[in-house]
Amino acid sequence: MSSIQTVQEARSGSREAFICLIHENEQMMYAIAKGFFKSDEDAADAIQETILKAYKGITKLREPAYFRTWLIRILINECRQLIRQKGKVIPLKHIVERADPSNRIEAASQLELYDFLSGLDFEHKEVVMLYYLEDFPVKDIAQTLGISESAVKSRLHRARAKLAVLFKETEGEAEQQ
């Protein structure tokens, strides 16, 4: 069954079809949410709220072909809302310290990207995550976020410049130690 048919069935009230759609998109949703939050719990909260809102609102989805874009938009809005509500940041040091001792180096390297992303403001972080972590083309990012393609390119350019500065600062701190 095609994805569009599955979306149409979910819009008609099929729970099984909706569950299938969520399973198809769960890894992508986790990667995006994890880019905004350091903790799995916060990422899971955003995903859970996204799924609930998507389930309640799927009948309002006009174009089944854009289900994934619609779902990502809901997720990003949920991440924004949770960030505003919580207003907390967990230092990378605490996360790595809690990791299994045999996997600390691996945990540190996996979280290094997320640590750099935490240095970006929200609008730059979301385009970086969609472009680099989810391999979305600029056109799809623009559609998902409701902005122009030139705005996406501009945000990516500014984000790259900020990430370069953050990387140089980190290298300088590592050399001093």
Q: Any chance you could lay out the side-chain contact (heavy atoms from CB on, under 4.5 Å) test for Ile76 and Leu145, step after step, and finish with the verdict?
A: CA-CA 9 Å; Ile76 289 173; Leu145 299 178; 3.6 Å; yes
Q: Which pair of non-hydrogen atoms, one from Ala33 and one from Cys79, has the smallest distance, and what is that distance?
A: CA-SG, 4.1 Å
Q: I want to check something: taking the side chain as every heavy atom from C-beta on, are Lys153 and His157 in contact at a cut-off of under 4.5 Å?
A: no
Q: Does Arg155 use its side chain to pair, donor to acceptor, with the backbone of Val127 at less than 3.5 Å?
A: no
Q: Using distance alone, with no hydrogens and no angle criterion, decide if Ser12 and Ser14 have a side-chain donor and acceptor under 3.5 Å apart.
A: no
Q: Are the side chains of Phe67 and Ile4 in contact, using a 4.5 Å heavy-atom criterion?
A: no
Q: Quick one: pull up CG in Asp140 and CG in Asp135 and give me the separation to the nearest 0.5 Å.
A: 11.5 Å
Q: Would you mind reporting whether Ile147 and Ile141 have side-chain heavy atoms less than 4.5 Å apart?
A: no
Q: What orientation do Phe122 and Phe36 show, parallel under 30°, tilted 30 to 60°, or perpendicular over 60°?
A: parallel
Q: Would you find a donor on one side and an acceptor on the other, under 3.5 Å apart, between the side chain of Lys139 and the backbone of Gln143?
A: no
Q: Between Gly35 and Lys125, what is the shortest heavy-atom contact and its length?
A: O-CD, 3.5 Å
Q: Any non-hydrogen side-chain atom of Arg11 less than 4.5 Å from a side-chain atom of Lys60?
A: no
Q: Side chains of Val7 and Leu61, heavy atoms from C-beta outward: is any pair under 4.5 Å?
A: yes
Q: Enter the distance from Leu130:CG to Thr69:OG1 here, rounded to the nearest 0.5 Å.
A: 10.0 Å
Q: Within this structure, what is the OG-CG distance for the pair Ser39 and Asp45, rounded to the nearest 0.5 Å?
A: 7.5 Å
Q: Closest heavy-atom contact between Gly57 and Trp70?
A: O-CZ2, 3.6 Å
Q: Identify the heavy atoms of Leu82 and Phe37 that sit nearest to each other, and give their distance.
A: CB-CZ, 3.7 Å
Q: For the residue pair Tyr30 and Asp40, establish whether any side-chain heavy-atom pair is separated by less than 4.5 Å.
A: yes
Q: Are Ile32 and Tyr66 linked, directly or through intermediate hydrophobic residues, by side-chain heavy-atom contacts shorter than 4.5 Å (ILVMFWY only)?
A: no
Q: Report yes if the side chains of Arg68 and Met28 come closer than 4.5 Å at any heavy-atom pair, otherwise no.
A: yes
Q: When rounded to the nearest 0.5 angstrom, what is the spacing between CG in Asn77 and CD1 in Ile72?
A: 12.0 Å
Q: Measure across Ile58 and Leu21 and return the closest heavy-atom pair with its distance rounded to 0.1 Å.
A: CD1-CD1, 4.4 Å
Q: For Ala159 and Leu120, which heavy atoms make the closest approach, and how far apart are they?
A: O-CD2, 4.0 Å
Q: With a 4.5 Å cut-off on side-chain heavy-atom distances among I, L, V, M, F, W and Y, is there a chain of contacts connecting Ile19 to Ile74?
A: no
Q: May I have the step-by-step check of side-chain contact (heavy atoms from CB on, under 4.5 Å) for Tyr55 and Ile22, ending in yes or no?
A: CA-CA 10 Å; Tyr55 184 72; Ile22 295 302; over 6 Å; no
Q: Measuring from Asn25:CG to Ile47:CD1, what's the distance to the nearest 0.5 Å?
A: 11.0 Å
Q: For the pair Arg80 and Glu126, find out whether any cationic side-chain nitrogen is under 4.0 Å from an anionic carboxylate oxygen.
A: yes
Q: Between Ser154 and Arg158, is there a side-chain donor-acceptor contact under 3.5 Å, judged purely by atom types and distance?
A: yes
Q: Tell me whether Gln27 at atom CD has more than 12 heavy atoms from other residues, nucleotides or ligands lying less than 6.0 Å away.
A: no
Q: Between Asp121 and Lys162, is there a side-chain N and carboxylate O pair less than 4.0 Å apart?
A: no
Q: What's the verdict on side-chain contact (heavy atoms from CB on, under 4.5 Å) for Lys53 and Lys56, showing C-alpha distance, side-chain angles and the deciding distance?
A: CA-CA 5 Å; Lys53 286 186 178 182; Lys56 289 180 177 180; 5.8 Å; no
Q: Sequence neighbours left out, what passes ring-ring contact (aromatic ring centres under 6.0 Å, His included) with Phe136? Give chain and number order.
A: none
Q: Taking C-beta and beyond as the side chain, do Gln81 and Glu78 meet within less than 4.5 Å on heavy atoms?
A: yes
